[in-house]
*Asks:* 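Right, I'll just put the structure down here and ask away after.
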Amino acid sequence: QVQLVESGGGLVQAGGSLRLSCAAPGRAFSPYYVGWFRQAPGKEREFVAHVRWTTGITYVVDSLKGRFTISRDNAKNTVYLQILSLKPEDTAVYFCAATKWLHGDYTRTGAYDTWGQGTQVTISS
């Protein structure tokens, strides 16, 4: 049971940028995958991006490629989500999640067993 802590959200004008952080404080952190998801009011939680921890290989959902970048800093036990050219439809609570489970579909929420509380991103037009 490892608690993750998201930060970096806020109120931003459309066209701006944000970098969200997902930190796992304390002892060494060695998940298999870490993912980012987001959930808008009244909508289901949707996949955004993930990174394989050991290799740093990243994947971003097709619809967000070019604006979203996921990265990780092993020494800081931290995963980042950089968002460029923010749009009103990006407004959501952004969650990070981690898993040690193998052979999962890491674009699905069910593949992850450790979650943060989320950080609110609100984009004004």
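Bear in mind that the values here come from a model prediction, so they are computed numbers and not experimental data.
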*Asks:* Starting from F95, can I reach V61 by hopping between I/L/V/M/F/W/Y residues whose side chains sit under 4.5 Å apart?
*Replies:*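 Per the 4.5 Å side-chain linkage, V61 and F95 are co-clustered.
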*Asks:* Using ring centroids (six-membered ring only for Trp), state whether Y32 and Y106 fall under 6.0 Å.
*Replies:*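 Centroid separation for Y106 and Y32: below 6.0 Å.
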*Asks:* Take atom NZ of K65 as the centre, draw a 6.0 Å sphere, and report whether it contains more than 12 heavy atoms from other residues, nucleotides or ligands.
*Replies:*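 Yes - once you tally the heavy atoms of other residues, nucleotides and ligands closer than 6.0 Å, there are more than 12.
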*Asks:* Going by side chain to side chain contact (heavy atoms under 4.5 Å, CB included), name the residues that satisfy it together with R108, two or more places apart in sequence or in a different chain.
*Replies:*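 Scan of R108 (side chain to side chain contact (heavy atoms under 4.5 Å, CB included), adjacent residues dropped) gives D105.
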*Asks:* Looking at every non-hydrogen atom in both residues, tell me the closest pair between Y112 and Y33 and how far apart they are.
*Replies:*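 Shortest heavy-atom contact: CE2-O, 3.9 Å.
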*Asks:* Run Y80 and R72 through side-chain contact (heavy atoms from CB on, under 4.5 Å) and show every step you take.
*Replies:* CA-CA 6 Å; Y80 302 99; R72 58 104 171 87; over 6 Å; no
*Asks:* Who pairs with R19 by salt bridge (charged side-chain N to carboxylate O under 4.0 Å, His left out), at least two apart in sequence or on another chain?
*Replies:*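 By the salt bridge (charged side-chain N to carboxylate O under 4.0 Å, His left out) rule, R19 matches no residue at all.
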*Asks:* Show the nearest heavy-atom pair for residues A98 and D113, with the distance to one decimal.
*Replies:*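 Minimum heavy-atom separation between A98 and D113: O-OD1, 3.0 Å.
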*Asks:* Contact between H50 and T107 at the side-chain level, heavy atoms closer than 4.5 Å - yes or no?
*Replies:*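 Of all side-chain heavy-atom pairs linking T107 with H50, at least one is under 4.5 Å.
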*Asks:* Could you list all the salt bridge (Lys or Arg N to Asp or Glu O under 4.0 Å) pairs where at least one residue sits in residues 82-96, not counting sequence neighbours?
*Replies:*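 Those involving residues 82-96 are R38-D90, R67-D90.
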*Asks:* If hydrophobic clusters are built by linking Ile, Leu, Val, Met, Phe, Trp and Tyr wherever their side-chain heavy atoms come under 4.5 Å apart, do L102 and Y59 end up in the same one?
*Replies:*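 Yes, it is one cluster - the side chains of L102 and Y59 are joined through contacts under 4.5 Å.
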*Asks:* Could you tell me whether the side chain of L86 reaches within less than 4.5 Å of the side chain of L18, counting heavy atoms only?
*Replies:*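 The answer is yes, as the side chains (C-beta and beyond) meet within the 4.5 Å cut-off.
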*Asks:* Kindly write out the residues that satisfy side chain to side chain contact (heavy atoms under 4.5 Å, CB included) with S17, not counting sequence neighbours, or none if the list is empty.
*Replies:*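 Applying side chain to side chain contact (heavy atoms under 4.5 Å, CB included) to S17 gives L84.
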*Asks:* Which residues satisfy the side-chain hydrogen bond (donor to acceptor under 3.5 Å, both in side chains) test with Q39, sequence neighbours excluded?
*Replies:*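 Residues passing side-chain hydrogen bond (donor to acceptor under 3.5 Å, both in side chains) with Q39: R45.
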*Asks:* How would you list all residue pairs meeting disulfide (SG to SG under 2.5 Å) that involve residues 15-85, not counting sequence neighbours?
*Replies:*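 Listed by first then second residue: C22-C96.
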*Asks:* Is the closest side-chain heavy-atom distance between W36 and Y94 below 4.5 Å?
*Replies:*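 In short, these two side chains touch, coming nearer than 4.5 Å.
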*Asks:* Determine whether T109 and W115 make a side-chain contact, defined as any pair of heavy atoms from C-beta on separated by less than 4.5 Å.
*Replies:*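 Yes, close enough: below the 4.5 Å cut-off.
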